[in-house]
There are 2 protein chains.
Amino acid sequence: MMYGSTAMGINREKFDEAFSEIKETVTRKRLNAKKDVKIADTDVNEDELKLLIKKFKELYKKEIKKDFPQNPSEQLWGSIGAVFGSWMAEKAVTYRKVEKIVGVKGTGVNIVQMVFGNKGNTSGTGVCFTRDPNTGVNVFYGDYLFNAQGEDVVAGIRTPIKLSEFAKKDPKAYKQLCDVRITLEKHYKDMQDLEFTVEEGKLYMLQCRTGKRSPAAAFRIAVDLVNERLITKDIAVSRIKASDIEGIFYPAIDKSQTAALKAAFIVQGIDAVPGAASGKVCFSAEKAEALAANKERAILVRKETSPEDVGGMHAAQGILTATGGKTSHAAVVARGWGKCCIVGCEAMSVDYAKKLFTANGITVKEGDYITLDGSNGNVYKGELKLIAPKPPAAYETIMKWVDEFRTMKVRTNADTPYDALYAKKLGAEGIGLCRTEHMFFDTEERILAIRQMIIADTVEARKIALKKLLPIQTKDFEGIFKAMDGYGVTVRLIDPPLHEFVPHDEAGQKALAKAAGVSFETVKQRIEKLHEANPMLGHRGCRLAITYPEILEMQVTAIITAACNVAKRGVKVMPEIMIPLVIDAKELKILEDLTRKTADEVIAKKGMTLKYLVGTMIETPRAAILADKIARVADFFSFGTNDLTQMTLGISRDDAGKFLPDYIDEHKAGIFKADPFQTLDQDGVGMLVKWAIEKGRAANPKLKIGICGEHGGDADSVKFCYKVGMDYVSASPFRVPIARLASAQAVLESKPKAAPQKKAATAGKKTPAKAADKKSAPAKKAPAKPAANKAASPAKRKPRQRPVPKRQVNNSDFERHYSLRIVSFF
Amino acid sequence: MMYGSTAMGINREKFDEAFSEIKETVTRKRLNAKKDVKIADTDVNEDELKLLIKKFKELYKKEIKKDFPQNPSEQLWGSIGAVFGSWMAEKAVTYRKVEKIVGVKGTGVNIVQMVFGNKGNTSGTGVCFTRDPNTGVNVFYGDYLFNAQGEDVVAGIRTPIKLSEFAKKDPKAYKQLCDVRITLEKHYKDMQDLEFTVEEGKLYMLQCRTGKRSPAAAFRIAVDLVNERLITKDIAVSRIKASDIEGIFYPAIDKSQTAALKAAFIVQGIDAVPGAASGKVCFSAEKAEALAANKERAILVRKETSPEDVGGMHAAQGILTATGGKTSHAAVVARGWGKCCIVGCEAMSVDYAKKLFTANGITVKEGDYITLDGSNGNVYKGELKLIAPKPPAAYETIMKWVDEFRTMKVRTNADTPYDALYAKKLGAEGIGLCRTEHMFFDTEERILAIRQMIIADTVEARKIALKKLLPIQTKDFEGIFKAMDGYGVTVRLIDPPLHEFVPHDEAGQKALAKAAGVSFETVKQRIEKLHEANPMLGHRGCRLAITYPEILEMQVTAIITAACNVAKRGVKVMPEIMIPLVIDAKELKILEDLTRKTADEVIAKKGMTLKYLVGTMIETPRAAILADKIARVADFFSFGTNDLTQMTLGISRDDAGKFLPDYIDEHKAGIFKADPFQTLDQDGVGMLVKWAIEKGRAANPKLKIGICGEHGGDADSVKFCYKVGMDYVSASPFRVPIARLASAQAVLESKPKAAPQKKAATAGKKTPAKAADKKSAPAKKAPAKPAANKAASPAKRKPRQRPVPKRQVNNSDFERHYSLRIVSFF
């Protein structure tokens with residue numbers, strides 16, 4: 001079956017159908033089973049299996065126009081070819097894309113002797129983790145199937161027994177497994193994912209690799225391994241991935257809505273990956289991807305998942321499968337992403353053709369909303385209220401270590417006191433970007449005032465409108481400064497093109513006309529005049545302040561007035577006024593002068609002393625190029641890498657959807673390794689950043705330098721920011737912990753590479769685990785790639801030397817190894 | 001009067017009104033003149049002048065609330081203050097803007113003793129040029145007024161006599177003037193503009209400066225001076241300005257339209273500046289500026305012009321005045337710009353209030369079209385057919401010298417065989433930019449085919465449309481290659497966003513639906529999908545070829561097929577295929593491979609050998625930054641500085657109108673010295689260009705480098721291109737000679753500065769005029785600024801030492817000098 005489907009490309013479902021047919025007709029008849037009784041694979045007897053083999057061979061011949069090869073050598077070569085061919089299979093390509101695996105030239109093939117787990121009830125196969133991959137708790141965790149081959153476990157077709165049960169039923173084999181568990185963890189200094197087969201009571205290890213784990217488990221295991229003196233703190237910190245932090249901040253279902261939960265409950269499955277998610281039900285990976293592309297949340301519902309589905313799984317908010325256990329494909333893959341996943345929901349029947357599933361008498365169609373609770377396996381109708389979960393205890397420990405290693409400050413991009421306080425809780429040490437314009441949309445009063453300011457056609461009319469905005473902005477800034485007591489707050493002056501604020505509908509324009517005391521026609525004309533062909537490159541940023549200096553005056557007055565007001569109340573306030581979209585030192589000088597003049601007047605009027613900074617965003621290539629001149633008029637630089645990326649690449653984020661995906665897709669153009677708007681383009685944009693920092697610091701050694709683009713929350717980009725010598729990064733509140741982690745990892749990665757032993761010794765200084773560290777060091781290099789790990793499989797017992805068996809049953813054995821190769825890759 | 005108006009700010013018209021009133025009432029009555037007899041200023045007798053003085057004093061007191069000062073010292077200080085104050089007067093600011101005079105801190109005041117030209121008929125005043133400033137011919141040229149002060153000549157209020165008449169009437173004074181003419185030309189080695197006064201038979205030189213001249217005269221004078229061994233060829237070439245070339249390429253009236261000319265004739269005035277122009281009549285400088293801002297051609301019609309009008313004069317296509325001679329304000333200013341100008345059209349009466357003029361019974365209202373012929377002073381109704389004039393003989397001589405000095409090639413941006421041939425005539429040595437998409441708009445058939453290609457939603461549908469385009473493009477390229485026989489032709493693949501080609505009106509969309517065989521709705525949807533937020537940064541350039549490689553294949557097939565076809569007919573063809581908007585070497589490599597594959601297939605099919613190049617535009621900052629990597633896959637770089645400027649500065653040309661003027665205006669923000677879209681921003685964009693050339697050449701020493709942005713036709717930018725080591729520049733056909741000139745001047749300017757004598761000797765090697773050259777060398781430094789020239793006035797006769805006179809008449813004398821100071825500045 002696997003040879004036919006995977007090596008020769010026959011649709012796998014055709015084999016499944018043939019098996020189902022025998023089970024439903026021959027086996028059910030023989031067992032005289034009722035319609036609602038399920039026929040298990042193991043119910044099928046030898047004769048029926050022989051019949052199945054016949055059917056399979058017929059199917060094979062029909063599809064391939066050749067007899068199924070009986071020569072093992074021929075089968076071997078067919079399988080080897082299939083492994084090499086699998087490199088460019090869509091599922092492999094998608095997987096590499098999702099996992100950002102690039103620059104790898106191809107795959108290799110290992111050929112090893114077979115052992116058999118399907119030689120009766122003294123045989124079996126299992127998959128296990130040396131620690132619980134969901135919680136990270138130090139317990140042996142896994143599944144076992146008697147009289148089965150590995151494929152049966154990972155494919156999730158048969159529901160396996162737990163290791164505890166296996167221990168009871170075959171204590172001798174289990175004892176061998178427990179010994180291997182300890183040996184391997186000590187060797188690799190990390191939690192391992194093991195695949196094994198018991199052949200007639202004897203244990204054979206098939207594979208060992210670093211185990212995938214839930215984000216929460218990643219923290220727990222890292223902390224535990226330090227406590228167990230297997231690794232040092234720096235290794236623990238290095239092992240945490242940005243996605244682990246994302247994972248533990250995924251929302252959970254709000255359990256207080258008891259009645260709603262009870263009413264919405266549909267069915268319970270196996271809680272494979274914690275977290276919660278809601279979205280539209282869909283039954284294919286393609287549909288999930290389509291929904292995601294359309295910015296809709298999808299829940300992918302499948303009977304079972306396979307590597308073909310990885311694209312859709314990644315696109316979905318959550319995954320629900322009817323079959324499989326905690327180590328099935330769906331569970332393992334979703335866990336790696338910290339993505340909510342429920343498996344083995346056997347009470348659920350999925351109808352792909354009708355695009356619906358039913359469970360407990362409830363029918364859910366494609367497009368209906370459901371909510372998954374990955375923490376208990378519950379499935380609910382509709383969209384339930386979700387709340388952010390509390391990070392695990394180990395998270396705090398890791399983050400404490402992170403802050404010990406970290407040298408770069410982490411700020412946040414926040415526009416409201418609420419966001420500011422939330423970010424502070426997550427470790428933000430100030431605000432790197434407070435976008436004043438976001439405050440304008442809060443109330444009808446505010447939006448009318450800003451609109452009145454925009455359509456003003458005289459300085460006087462504009463000043464009247466600005467007077468209305470002044471107290472509003474002042475109050476907003478007071479709230480932010482108070483929330484950030486003791487920390488710096490960078491306020492960016494108005495930045496977007498003005499037409500973004502004006503109403504484009506008649507009703508809105510009429511309301512504005514009334515408020516501004518001008519005719520509807522005037523409002524319409526003024527709004528028309530604001531239209532721009534390329535607003536991104538238009539009249540925005542500090543260009544507005546050059547044209548309308550009174551806007552800058554109002555904003556600076558509001559910022560400094562607010563700062564003085566809260567300072568009087570004992571708040572430690574450090575305002576930093578940031579001028580956006582600068583292209584020239586003279587331009588900045590004009591605005592810096594006006595800013596200081598306005599600010600100093602306010603301060604003098606208040607009769608206080610107040611320290612404040614005036615700086616600029618570096619977000620045009622010209623500003624980066626002329627950074628030395630600009631630095632002489634700036635207290636700080638903040639890299640606005642969103643715009644800088646747009647201009648350096650000549651790509652509008654809003655329009656990139658038409659071609660950028662092809663540029664990133666390795667198997668289309670593959671020009672970029674990652675989306676340059678997510679991960680900083682170090683070759684191009686990064687070059688400008690580096691240049692600007694070098695020139696800027698040379699001209700003004702006191703220059704404070706940070707980043708406030710989206711890249712400030714991207715781990716790879718944060719590491720780059722460290723390398724080029726920034727003082728801080730600023731990220732959205734949710735990504736502040738990622739920025740802290742990446743910042744610490746950047747320090748660790750930049751340490752000079754010593755010989756492994758030596759390095760471990762140095763790293764070990766901080767911990768009493770020197771001896772253990774010395775041993776652990778070589779392992780650090782090993783587990784990077786599953787294939788490498790597998791190649792160096794440490795299973796000490798050599799498989800028995802014996803020729804490839806000639807029995808028919810060998811086919812599936814062969815396939816077992818072939819499939820393991822594929823599975824191990826995924 | 002002048003003291004009152006210019007120094008004290010009283011409206012000058014009020015003085016004019018008072019004078020008119022006395023002329024019309026008292027003088028006319030005394031002379032018993034009929035209504036249609038004009039009363040001249042000189043008709044007014046002494047008593048009437050005394051009456052006028054009384055009226056002027058009353059007017060002064062009424063306006064200033066103080067008596068007119070009788071103390072000369074007080075008048076002097078008032079005048080000095082006015083001169084200093086004039087620096088920031090609107091007219092001065094506008095003039096500096098127009099002439100691109102920047103970085104000058106202020107003005108100075110010279111106080112000299114007075115001489116009087118209005119002491120009866122043995123006195124007088126004149127303005128003259130040592131050679132004819134219109135044609136450059138070596139004849140003495142100027143105006144003289146007996147019994148007058150200089151202001152009367154330059155203001156154009158009284159119509160002066162020619163120098164030839166002056167020579168007859170006062171041969172003694174004229175002889176003195178002729179001696180001065182020769183002395184000054186020998187000293188300054190250039191044509192001089194002289195102002196003089198004869199007081200009771202004795203000549204006094206008031207001022208001497210390098211004379212403004214028409215573009216044609218600039219060529220003639222430069223060549224003549226070389227022939228007269230006063231200067232060397234390199235100095236001759238250095239003295240020609242880019243605007244001189246523009247000037248000689250201004251259109252002239254097509255004289256073959258005899259009947260039309262006769263029918264349209266209105267009136268004849270004085271042919272002040274040659275050239276021809278047509279446009280809408282307007283009567284104020286503001287209106288002319290408004291029309292120009294609205295992209296309409298204006299003809300400024302004034303009684304007389306004054307420095308207040310320079311903005312409008314510059315904005316207008318041509319200038320027509322009722323009074324004044326060839327040295328009046330209007331004529332001098334317009335000549336400097338090579339702008340068609342007719343003055344002294346006394347038969348014309350202008351009514352500012354009614355906004356019309358009448359002449360020979362014909363009434364022309366504001367907004368009506370007229371055509372001016374500056375070569376004969378004729379004014380015509382309507383818009384007459386204009387033709388490009390033949391450049392003067394001296395132009396060819398100068399350009400021959402230009403090409404001797406020049407090392408950088410000059411190509412042209414041309415999309416049609418017509419443009420290509422025209423550019424070749426003007427000296428283009430190949431095409432640097434052939435925009436294929438411009439060919440698409442030629443016929444309905446073409447535009448339908450390209451639109452069909454764009455709205456295709458499958459590769460197959462697209463290929464059907466492309467098949468239609470292939471023969472059309474092939475034919476176009478054959479025409480271009482034939483026109484450019486022996487020269488390289490750089491063809492840029494399709495560049496603009498596709499939505500620029502599609503119809504946005506219902507009728508057009510329906511026609512397209514019919515042609516493409518799809519529904520109107522489909523067409524509408526597809527066009528909607530093409531909309532982009534920032535098309536400049538969107539799906540365009542080579543991104544189209546990445547998404548739709550079949551477009552590239554069609555275009556390359558067309559280019560190479562055309563090249564093979566014409567090569568077979570004996571044309572020497574050198575196609576260079578240019579891939580636009582590249583941001584990455586891998587992107588270019590993909591397209592370069594596809595281009596070569598497609599091209600080589602065509603060549604192989606044709607059974608020929610054909611050399612072609614594949615290169616790229618450098619027009620994104622990222623391409624410039626990564627130039628070393630990109631150079632390894634490119635045969636050539638062509639800097640697309642239009643886009644590079646847009647992206648480096650983050651300024652969309654289409655939207656810059658709202659703020660860029662303030663950035664350029666020295667008296668507003670004054671951030672840029674020139675419009676960065678006209679003259680390359682050397683600090684910012686130039687830095688990227690320099691970097692890209694250095695990195696590009698280092699990585700690929702064979703790399704051919706040029707520029708094809710608008711800057712390739714701007715003199716300052718061309719000089720920059722030379723400095724950074726480009727192989728060629730490419731300009732629009734009309735600007736090819738400017739590019740040649742600037743390229744030669746760049747070589748001359750880059751020569752190491754030696755001591756003047758030594759340099760002249762070296763420069764002189766190429767000419768037999770060594771001795772003369774040695775003498776001429778120091779002059780090169782002198783005439784740069786009129787003010788400097790004036791300060792070093794070489795008039796040998798010292799004005800008589802005498803105190804400032806006490807007579808009433810002194811006021812106007814004072815004013816004379818005051819006004820000279822102003823006039824000399826303008």
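These figures come from a predicted structure and were not determined experimentally.
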| request: Taking only Lys NZ, Arg NE, NH1 and NH2, and the carboxylate oxygens of Asp or Glu, determine whether Arg540(B) and Asp495(B) approach each other closer than 4.0 Å. | output: yes
| task | Could you have a look at Asp655(A), Leu544(A), Leu649(A) and say which one has the most heavy-atom pairs with chain B under 4.5 angstrom? | result | Asp655(A)
| Thinking salt bridges, do Lys673(B) and Asp716(B) make one under a 4.0 Å N-O criterion? | no
| task | For Lys589(A), enumerate each residue passing the salt bridge (charged side-chain N to carboxylate O under 4.0 Å, His left out) test, keeping only those at least two apart in sequence or located in another chain. | result | Glu592(A), Asp593(A)
| request: Tell me, for Asp662(A) versus chain B, whether the close heavy atoms (under 4.5 Å) come from the side chain, the backbone, both or neither. | output: side chain
| Proximal component of Ala533(B), with respect to chain A [non-hydrogen, under 4.5 Å] | both
| said: If you count heavy-atom pairs within less than 4.5 Å of chain A, which of Met687(B), Arg653(B), Glu587(B) leads? | reply: Glu587(B)
| message | Is Ile590(A) close to chain B through its backbone or its side chain, or both, or neither, when contacts mean heavy atoms under 4.5 Å? | response | side chain
| request: Could you tell me which residues satisfy side chain to side chain donor-acceptor pair (under 3.5 Å) with Glu710(B), sequence neighbours excluded, listed by chain and number? | output: Arg735(B)
| Flag side-chain contact, heavy atom, 4.5 Å: Pro496(B) against Phe501(B) | yes
| field | Toward chain B, the part of Ile671(A) with a non-hydrogen atom under 4.5 Å | value | both
| message | Can you give me the closest heavy-atom contact between Glu550(B) and Lys463(B), atom names plus distance? | response | CB-CE, 3.9 Å
| query | Do you know which of Lys668(A), His531(A), Glu532(A) has the most heavy-atom pairs with chain B at a distance under 4.5 angstrom? | reply | Glu532(A)
| request: Over all heavy atoms of both residues, which pair between Thr645(B) and Thr641(B) is shortest? Give the atoms and the distance, please. | output: OG1-O, 2.6 Å
| query | Within the distance-only criterion (no hydrogens, no angle test), does the side chain of Thr648(A) pair as donor or acceptor with the backbone N or O of Pro621(B) below 3.5 angstrom? | reply | no
| said: If I measure from the heavy atoms of chain B, does Asp681(A) come under 4.5 Å with its side chain, its backbone, both, or neither? | reply: side chain
| field | Per-residue contact mode, Leu591(A) against chain B (heavy atom under 4.5 angstrom) | value | neither
| field | Test item: Glu619(B) side-chain N/O and Phe639(B) main-chain N/O as donor-acceptor pair under 3.5 Å | value | no
| remark: Greatest number of non-hydrogen atom pairs under 4.5 angstrom with chain B, of His539(A), Met647(A), Arg543(A), Met536(A), falls to Arg543(A)
| note | One option among Ser652(B), Gly541(B), Gly684(B), Ala669(B) has the most heavy-atom pairs under 4.5 Å with chain A, and it is Ser652(B)
| request: Considering only heavy atoms, give the residues of residues 622-632 of chain A separated from chain B by less than 4.5 Å, sorted numerically, with 'none' for an empty result. | output: Arg622(A), Ile625(A), Leu626(A)
| message | I'd like to check the side chain to side chain contact (heavy atoms under 4.5 Å, CB included) partners of Ala461(B); sequence neighbours left out, ordered by chain and number. | response | Ala456(B), Thr458(B)
| query | With no hydrogens and no angle check, is any side-chain donor or acceptor of Gln555(B) less than 3.5 Å from a backbone partner on Leu552(B)? | reply | no
| Among the listed options Gly650(A), Ala585(A), Pro535(A), the residue most often paired with chain B at heavy-atom distances under 4.5 Å | Gly650(A)
| request: Answer with side chain, backbone, both or neither: which region of Leu530(B) has an atom nearer than 4.5 Å to a non-hydrogen atom of chain A? | output: backbone
| request: Answer whether the closest heavy-atom distance between the side chains of Asp643(A) and Pro580(A) falls below 4.5 Å. | output: no
